[in-house]
Colleague: 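I have a structure I would like to understand better, so I am pasting it below and will then ask my questions one at a time.
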Amino acid sequence: QVQLVESGGGLVQAGYSLRLSCAASRRSTYAMGWFRQAPGKERDFVSAISWGGGRTYYADSVKGRFTISRDNAKNTVYLQMDSLKPEDTALYSCAADPSIERVKLSLGQYWGQGTQVTVSS
């Protein structure tokens with residue numbers, strides 16, 4: 001069993017940056033990913049990373065602006081968000097699963113509660 005806790009969200013102006021963290025309760029070989037959900041919207045895939053960090057994937061909407069990384073020694077996955085836009089406003093959650101494909105499909109076994117990101121124009 002893995003517990004995930006996100007942090008690092010906040011309120012920023014468009015064009016600014018935030019770095020989200022997802023801390024896991026234990027080490028694992030799970031792939032992990034980030035998702036976001038705005039009020040009244042479905043949860044959308046943002047980014048995913050293999051357990052070793054060698055493979056990364058991004059939604060087209062964030063490609064070139066967001067960077068996912070992980071530090072397995074710290075049991076933590078990060079999402080560096082640069083050039084934030086108002087449309088990035090959402091609750092950001094992380095997920096973990098042995099299969100990176102399941103993570104990308106929003107079918108991960110484990111989920112955190114999320115951290116709010118609000119971007120003002």
Colleague: Between Val119 and Lys85, which heavy-atom pair has the shortest distance, and what is it?
Modeller: CB-O, 3.3 Å
Colleague: Distance from Gln116 atom CD to Thr118 atom OG1, nearest 0.5 Å?
Modeller: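 Result: 4.0 Å between the selected atoms.
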Colleague: Using 0.5 Å steps for rounding, measure from the CG atom of Leu4 to the OG atom of Ser93.
Modeller: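 It comes to 10.0 Å.
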Colleague: Any donor-acceptor pair under 3.5 Å linking the side chain of Thr115 with the backbone of Gly9?
Modeller: yes
Colleague: Of all heavy-atom pairs between Asp97 and Leu107, which one has the smallest distance, and what is that distance?
Modeller: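 So the minimum-distance heavy-atom pair works out to OD2-O, 3.6 Å.
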Colleague: For residues Tyr57 and Val46, determine if any side-chain heavy atom of one lies less than 4.5 Å from a side-chain heavy atom of the other.
Modeller: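 Result no, sub-4.5 Å side-chain heavy-atom pair not found.
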Colleague: Is a donor on one side and an acceptor on the other found under 3.5 Å between the side chain of Gln37 and the backbone of Lys41?
Modeller: yes
Colleague: Report yes or no: does Asp71 contribute a side-chain atom to a donor-acceptor pair with the main-chain N or O of Val77 at less than 3.5 Å?
Modeller: no
Colleague: For Gln113 and Leu91, what are the C-alpha separation, side-chain angles and deciding distance, and is it a side chain to side chain contact (heavy atoms under 4.5 Å, CB included)?
Modeller: CA-CA 9 Å; Gln113 291 186 320; Leu91 180 72; over 6 Å; no
Colleague: If every non-hydrogen atom of Phe66 is compared with every non-hydrogen atom of Tyr58, which pair is closest and at what distance?
Modeller: O-CE2, 3.2 Å
Colleague: Val62 and Val103: same hydrophobic cluster, using ILVMFWY side-chain contacts below 4.5 Å?
Modeller: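 No; Val103 is not reachable from Val62 via cluster members.
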Colleague: Starting at OG of Ser47, measure out to CG of Leu20 and round the result to the nearest 0.5 Å.
Modeller: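 Ser47 atom OG to Leu20 atom CG measures 11.0 Å (nearest 0.5 Å).
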Colleague: Nearest 0.5 angstrom please: Ile49 CD1 to Cys94 SG, how far?
Modeller: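 Going from CD1 on Ile49 over to SG on Cys94, the span is 12.5 Å.
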Colleague: Would you name the heavy atoms of Ala14 and Pro86 that are closest together and state the gap between them?
Modeller: CB-CD, 4.0 Å
Colleague: Pair Ser17, Asp82 - check side-chain hydrogen bond (donor to acceptor under 3.5 Å, both in side chains), show working.
Modeller: CA-CA 4 Å; Ser17 298; Asp82 298 324; 2.8 Å; yes
Colleague: Please tell me if the side chains of Val117 and Leu18 come closer than 4.5 Å, counting only heavy atoms from C-beta onward.
Modeller: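 Answer yes - side chains close enough.
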Colleague: Any sub-3.5 Å donor-acceptor pair from Arg70's side-chain atoms to Ser50's backbone N or O?
Modeller: yes
Colleague: Tyr78 ring centre to Arg19 NZ or CZ under 6.0 Å, with the angle to the axis within 45°?
Modeller: yes
Colleague: Are Ser83 and Arg65 close enough, and set up right, to give a side-chain hydrogen bond (donor to acceptor under 3.5 Å, both in side chains), and what steps lead you there?
Modeller: CA-CA 6 Å; Ser83 301; Arg65 298 188 298 121; over 6 Å; no
Colleague: Kindly compute the distance separating CZ (Arg55) from CD1 (Ile68), expressed to the nearest 0.5 Å.
Modeller: 13.0 Å
Colleague: Going only through I, L, V, M, F, W and Y residues with side-chain contacts under 4.5 Å, is there a path from Val12 to Trp34?
Modeller: yes
Colleague: Main chain of Gln3, side chain of Ser25: is a donor-acceptor contact present, judged purely on distance under 3.5 Å?
Modeller: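 Checking the backbone N and O of Gln3 against the side chain of Ser25, a donor-acceptor pair under 3.5 Å is found.
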Colleague: Excluding sequence neighbours, so at least two apart, what forms ring-ring contact (aromatic ring centres under 6.0 Å, His included) with Phe35?
Modeller: Phe45, Trp111
Colleague: Considering non-hydrogen atoms only, spot the tightest contact between Ala31 and Ser99 and give its length.
Modeller: CB-C, 4.3 Å
Colleague: Do Asp88 and Arg36 come close enough that some side-chain heavy atom pair is under 4.5 Å?
Modeller: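 Of all side-chain heavy-atom pairs linking Arg36 with Asp88, at least one is under 4.5 Å.
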Colleague: Are there over 12 heavy-atom neighbours, none belonging to Gln109, within less than 6.0 Å of that residue's CD?
Modeller: yes
Colleague: With a 4.5 Å cut-off on side-chain heavy-atom distances among I, L, V, M, F, W and Y, is there a chain of contacts connecting Tyr92 to Tyr16?
Modeller: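 Yes, it is one cluster - the side chains of Tyr92 and Tyr16 are joined through contacts under 4.5 Å.
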Colleague: Under a 3.5 Å distance rule, please check whether Thr76 uses its side chain to pair with a backbone N or O of Lys74 as donor and acceptor.
Modeller: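 At least one qualifying donor-acceptor pair exists.
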Colleague: Can you name the residues that form a ring-ring contact (aromatic ring centres under 6.0 Å, His included) with Tyr30, not counting sequence neighbours?
Modeller: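 If we apply the ring-ring contact (aromatic ring centres under 6.0 Å, His included) test to Tyr30, skipping adjacent residues, the hits are Tyr110.
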Colleague: Given the rule in the side chain to side chain contact (heavy atoms under 4.5 Å, CB included) test, do Gln80 and Ser69 qualify, once you have shown the distances and angles that lead to the verdict?
Modeller: CA-CA 8 Å; Gln80 177 67 42; Ser69 62; over 6 Å; no
Colleague: Using 4.0 Å as the upper bound for N to carboxylate O, is an ion pair formed by Lys63 and Asp60?
Modeller: yes
Colleague: Measuring only between side-chain heavy atoms, which start at C-beta, is Glu6 closer than 4.5 Å to Leu79?
Modeller: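 Counting from C-beta outward, Glu6 and Leu79 never come under 4.5 Å.
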